[in-house]
Structures are given as C-alpha cells and as structure tokens.
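Remarks on the structure that follows.
Being a predicted model, the structure only gives us computed values, none of them experimental. For the numbers below, each heavy atom of this structure counts, side chains included, while hydrogens, waters and symmetry mates do not.
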Amino acid sequence: MQKTRGLGKNIVIKYRRILSPVDFSKASQHAFETAVDLAAQLDAEVRAMHVYQLPASTLPDGVMETPTDLETVLEERLEKQLSEFVKQTATEGVNITTGLAEGVPYVEITRAGKAFDADLIVIGTHGRTGLAHLLLGSVAERVLRISEIPVLVVQQHH
C-alpha cells in the first residue's frame, strides 16, 4: 500500500494481470523474470507474448502475398520457442499463459495489453543510445508513448 503525500488517502494499486512482451533477447528475458517476480509477490498472472512480422512478397500488381504454410510453420516454431523461453525462468506458483501476434510490435503489444485486460506491461529494452537507437528505434519507447496501461521498462544488465 502506498500513501500519497498531502492527500491523506491510501491508494491501493492492484496488479492482477501483467503482460510481458518477449523478443527472445537477454533484455526481454530480464524483463520477463521481473514480471514473474512481481506476479509472485502480487498474486498476479503473466501473459508472455511474442510479436512477429511475416516476410511478404509483392506481386507485379502490388498485392502482398505470404505463403499460408510458411505462416503455419513459423507460428508452430515460435510457439515452441516461446514455451521454451518461459520454461527457463522459475515460475512456480505463477499462472503464465503465452500468445503470439503478427504485426507491428508496439501496436500489437498495446492491443494485446487491452485484450488481456492487463494492469501492467513489463517490457525490456537494450538501452541503446545515439545512432544505434536512432536507426533501430525502440519498441519499448513506442509502447510507453501510446499505451494507456502503465508500462515498466526494464533495462538489460550489461
């Protein structure tokens, strides 16, 4: 419980559902571990999700096409990889679900946060600065800017 200064009211913030986007990097592993630790302390559940973008080929008339079997194979591999990723973390006593989404990562993460009715998004960042940040952008930064759900950004340990 946290007490606000000057208002004399007690504010209780209850996190029941935590969304943890995963890109299989060390940064997202650290963020996922943080989400699980928080969930264990707060009796919350965690949804680990991965967002992928399908490679598409453009046909002469400008139509984008992705082979359906490629999408199926990719989803099966990603589901397995996400399951293995989750198993690397001690998650005893924490209810964890997984999910995949196809699309632009920051858009799908914020969309999934709403769909999951998340109270918190815990996302990792690589902590890049300068030109690397400018060229690669930051999914975490974009989620932070557009999410209506509170976001905890966890920086990767070096």
Side-chain angles (χ1 to χ4, degrees), residues 1-54 71 74-158:
M1 193 167 354
Q2 189 176 4
K3 190 168 184 166
T4 60
R5 291 190 185 169
L7 297 177
K9 295 181 181 177
N10 289 331
I11 296 176
V12 177
I13 301 171
K14 179 68 176 152
Y15 296 110
R16 302 171 329 263
R17 292 184 189 88
I18 300 171
L19 179 68
S20 182
V22 168
D23 67 3
F24 308 114
S25 67
K26 286 184 180 181
S28 70
Q29 179 72 39
H30 183 60
F32 178 69
E33 290 167 358
T34 301
V36 170
D37 286 347
L38 277 171
Q41 294 173 38
L42 301 170
D43 194 27
E45 62 181 294
V46 175
R47 181 161 186 86
M49 74 166 299
H50 176 73
V51 180
Y52 63 96
Q53 292 180 291
L54 288 172
E71 185 173 359
L74 183 61
E75 282 183 1
E76 288 171 0
R77 285 186 183 167
L78 287 172
E79 283 172 1
K80 183 177 180 182
Q81 189 175 358
L82 186 55
S83 177
E84 293 298 318
F85 182 91
V86 167
K87 286 178 187 174
Q88 292 176 14
T89 301
T91 58
E92 191 174 324
V94 178
N95 180 25
I96 298 176
T97 56
T98 60
L100 295 176
E102 191 274 324
V104 178
Y106 73 94
V107 172
E108 295 306 319
I109 290 166
T110 53
R111 186 176 291 158
K114 287 181 183 177
F116 180 56
D117 195 23
D119 301 300
L120 181 68
I121 298 172
V122 178
I123 189 167
T125 183
H126 301 279
R128 292 185 185 100
T129 58
L131 187 59
H133 173 75
L134 189 63
L135 294 174
L136 299 171
S138 169
V139 172
E141 186 178 320
R142 289 178 176 154
V143 169
L144 187 60
R145 284 186 183 165
I146 69 169
S147 177
E148 296 171 9
I149 299 164
V151 178
L152 173 61
V153 179
V154 180
Q155 189 163 346
Q156 174 182 338
H157 289 307
H158 295 285

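The number of heavy atoms from other shown groups lying within 6.0 Å of CZ (Arg145) does not exceed 12. Atom CD of Glu148 sits in a sparse spot, with 12 or fewer heavy atoms from other residues, nucleotides or ligands closer than 6.0 Å.
The side-chain heavy atoms of Ile109 and Ile123, taken from C-beta on, include a pair separated by under 4.5 Å. Using a 4.5 Å heavy-atom threshold, the side chains of Ile121 and Leu152 count as separate. Counting heavy atoms from C-beta outward, Leu38 and Tyr15 have side chains that stay 4.5 Å or more apart. Using a 4.5 Å heavy-atom cutoff, the side chains of Gln53 and Pro105 are in contact. In this structure, the side chains of Leu120 and Leu19 stay at 4.5 Å or more apart for every pair of heavy atoms. Put simply, the side chain of Phe32 does not reach to within 4.5 Å of the side chain of Asp37, judged on heavy atoms.
A salt bridge is defined here as a Lys NZ or Arg NE, NH1 or NH2 lying under 4.0 Å from an Asp or Glu carboxylate O, and Arg17 with Asp119 fails to meet this definition.
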Under 3.5 Å, which donor-acceptor pairs link side chains of residues 41-51 to any protein atom two or more places apart or in another chain?
from: Arg47; atom 1: NH1; to: Thr97; atom 2: OG1; distance (Å): 3.1
from: Arg47; atom 1: NH1; to: Thr98; atom 2: O; distance (Å): 3.4
from: Arg47; atom 1: NH2; to: Thr98; atom 2: O; distance (Å): 3.3
from: His50; atom 1: ND1; to: Val22; atom 2: O; distance (Å): 2.7

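A donor-acceptor pair under 3.5 Å links the side-chain atoms of Ser28 to the main chain of Phe24, judged by distance alone. Of the possible donor and acceptor atoms, one in the side chain of Thr110 sits under 3.5 Å from a partner among the backbone N and O of Val107.
With rounding to the nearest 0.5 Å, the separation of CG in Leu100 from CD in Gln81 is 10.0 Å. Atom CD of residue Glu76 and atom CD of residue Glu79 lie 7.5 Å apart, to the nearest 0.5 angstrom.
Defined by atom type and a distance below 3.5 Å, a donor-acceptor pair is missing between the side-chain atoms of Thr125 and Glu141. Gln29 and Glu33 form a side-chain donor-acceptor contact under 3.5 Å, judged by distance and modelled atom types alone.
Between Ala118 and Ile149, the shortest heavy-atom distance links the atoms O-CG2, 3.6 Å. Shown here for Gly124 and Ala31, the closest heavy-atom pair between the two residues is N-CB, 3.3 Å.
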